[in-house]
Novice: 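Take a look at this one; I'll ask things after.
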Amino acid sequence: MGLTFSVAVALLIGAPPAISAAAPTLPSASADAMDVPLDIGPGQATRSVATAYAHAHPGSAPAGSNDFACEPSATHPRPVVLAHGTDTEAYADWAALSPALAADGYCVFALNYGGAIEEENGDIAHETYGVGDIVGSATAFGSFVDQVLTATGADKVDVIGYSQGATVTRHYVNKMGGDAYVDHWVGLASPTYGGVMFGLVPIVRAIPGGEDFVEDVFSRAVREQMQGSDTLNALNDGGDTVPGVRYTTIGSTVDEMIQPSSNIALRDAGAENIVLQDLCPSNLTGHFRMPYDPFVIDVIRTVLDPDAERHASCSVVPLGTDIPQVVIDANS
């Protein structure tokens, strides 16, 4: 399988390709530790520029986020809490959406969860996030929600999780009592039922030690997001939603990470499943571009508030847009 296998598994469920990458060395901190970035960076229009800024400015927070003095308005009484994807961080994933929501009048908050120290030749290279076990990350997310509620005085929050962040936040809502504190859960490119990655996941499982290989070379989080993983089975057992919470998924039929794309949708009561191409057939945005596509950002804004003014029209986005740059960024 060689290079094709490595790239495919690395891309699975939101992890940008890290060819010949070694597994991150976990820090001594507990698995449910989190970081709250407070150094506000500028808004960005593309993932590539946001990723470069995040690498050059560690600890950056997306524009419009993490103002713990923010007071929710009567129009938007619930803070919005954002959870990033795999092997990334809050700034890299939310540098476009966070300022858009803040401009709409929301109190916006974003954490970095699931952190690990990456080493190169025995030296610390940098800290990465979204690589730890999902249950630990969900615990961290719950602690962050507690902080947000205490700071703002709000009774509940709305949640937006991208890629792995959708699974982390849904575990908190469904399995950790988060339903008492979350009014609306939104999953963007959510790996609800995982992915088979062009058939590679069954092959991995057929090889003795295959899943251990995925965890050792990539991360625990990647392993836990493969279709049929114990983590996803446990999360969806008994129903993938719980009463009292509004659920919305927003997905693309050409998601590069989650195949079949129908695995994005929730299947139980209380869920609305939005498919981008049903709203704009010419927009072939895939997994990595979703948080930066202007039309998708408008979909998110109107999911939270149907009266929100749209800023973007349906336009042509060719298949594979931004993927070459994602590969370059991940290996530069």
Side-chain angles (χ1 to χ4, degrees), residues 8-15 83-87 114 130-138 141 159-176 178-179 182 184-206 210-211 214-215 218-243 245-278 285-288 290-291 296 303:
V9 176
L11 280 170
L12 180 65
I13 318 304
H84 60 75
T86 302
D87 197 17
V131 295
D133 74 279
I134 286 173
V135 173
S137 294
F141 183 79
V159 168
I160 303 173
Y162 166 60
S163 193
Q164 183 198 157
T167 301
V168 166
T169 55
R170 193 163 59 88
H171 188 97
Y172 162 70
V173 171
N174 289 17
K175 302 297 183 180
M176 294 182 166
D179 56 318
V182 174
H184 195 171
W185 174 93
V186 180
L188 181 65
S190 171
T192 306
Y193 286 90
V196 297
M197 201 58 208
F198 302 107
L200 286 177
V201 168
I203 296 173
V204 166
R205 292 202 170 109
E211 290 191 58
V214 170
E215 181 172 338
F218 303 108
S219 72
R220 177 75 168 272
V222 170
R223 176 178 184 169
E224 291 182 340
Q225 293 172 92
M226 297 191 303
Q227 179 175 285
S229 73
D230 291 342
T231 299
L232 290 179
N233 287 342
L235 174 55
N236 294 320
D237 183 45
D240 54 24
T241 63
V242 297
V245 179
R246 293 181 292 156
Y247 294 82
T248 303
T249 66
I250 304 170
S252 170
T253 59
V254 293
D255 190 298
E256 302 92 354
M257 305 300 98
I258 307 169
Q259 296 100 26
S261 63
S262 58
N263 278 5
I264 296 170
L266 291 160
R267 301 171 185 174
D268 290 304
E272 177 186 16
N273 297 302
I274 297 173
V275 178
L276 170 60
Q277 287 73 30
D278 289 345
T285 286
H287 191 88
F288 294 105
M290 291 288 274
V296 172
V303 160

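If you're wondering where the values come from, they're calculated on a predicted model, not measured in any experiment.
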Novice: With rounding to the nearest 0.5 Å, note down the distance linking CH2 in W185 to OG1 in T249.
Specialist: 6.5 Å

Novice: Please give me the minimum heavy-atom distance between V196 and P202, naming the atom from each residue.
Specialist: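 Nearest heavy atoms, V196 then P202: O-CD, 4.1 Å.
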
Novice: Run the side-chain contact (heavy atoms from CB on, under 4.5 Å) check on V182 and Y172 step by step: do they pass?
Specialist: CA-CA 10 Å; V182 174; Y172 162 70; 3.8 Å; yes

Novice: Within the 4.5 Å heavy-atom criterion, are L235 and I134 side-chain neighbours or not?
Specialist: no

Novice: Check the pair F218, D87 against side-chain contact (heavy atoms from CB on, under 4.5 Å), reporting the backbone distance first and the verdict last.
Specialist: CA-CA 9 Å; F218 303 108; D87 197 17; over 6 Å; no

Novice: Does T231 offer a backbone N or O that forms a donor-acceptor pair with the side chain of E224 under 3.5 Å?
Specialist: no

Novice: Nearest 0.5 angstrom please: R170 CZ to N236 CG, how far?
Specialist: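 Between R170 CZ and N236 CG, I get 4.5 Å after rounding to 0.5 Å.
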
Novice: Shortest non-hydrogen contact from G187 to A166?
Specialist: CA-CB, 3.9 Å

Novice: What are the two closest heavy atoms between M290 and A189, and how far apart are they?
Specialist: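 That would be CG-CB, 4.4 Å.
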
Novice: Is a side-chain donor or acceptor of N263 paired with a backbone partner of G195 at a separation under 3.5 angstrom?
Specialist: no

Novice: Looking at CD of Q225 and OG of S163, how far apart are the two atoms once the value is rounded to the nearest 0.5 Å?
Specialist: 6.0 Å

Novice: Find the distance between CD1 (I264) and CD1 (I274) and round it off to the nearest 0.5 Å.
Specialist: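 Atom-to-atom, I264:CD1 and I274:CD1 are 12.5 Å apart.
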
Novice: Taking all atoms of both residues into account, what is the closest heavy-atom pair of S229 and R223, and its distance?
Specialist: CB-O, 3.8 Å

Novice: Would you compute the distance between atom CD of E256 and atom OG1 of T285 and round it to the nearest 0.5 angstrom?
Specialist: 9.0 Å

Novice: Over 60° means perpendicular and under 30° means parallel, so classify the ring planes of Y162 and H287, tilted if in between.
Specialist: tilted

Novice: Taking side chain to side chain donor-acceptor pair (under 3.5 Å) as the criterion, tell me which of N174, T192, T241 meets it with Y247.
Specialist: N174

Novice: Taking the side chain from S219 and the backbone from E215, do they hold a donor-acceptor pair closer than 3.5 Å?
Specialist: no

Novice: Identify the heavy atoms of H171 and A138 that sit nearest to each other, and give their distance.
Specialist: CD2-CB, 3.8 Å

Novice: With rounding to the nearest 0.5 Å, note down the distance linking OG1 in T169 to CE in M176.
Specialist: 11.5 Å

Novice: Can you tell if the side chain of V254 reaches within under 4.5 Å of the side chain of Q277, non-hydrogen atoms only?
Specialist: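 Result yes, sub-4.5 Å side-chain heavy-atom pair found.
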
Novice: Is a side-chain N or O of Q164 found less than 3.5 angstrom from the main chain of A221, in a donor-acceptor match?
Specialist: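 The answer is no, because no donor-acceptor pair under 3.5 Å joins these two groups.
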
Novice: Are the side chain of D255 and the backbone of S261 linked by a donor-acceptor contact shorter than 3.5 Å?
Specialist: no

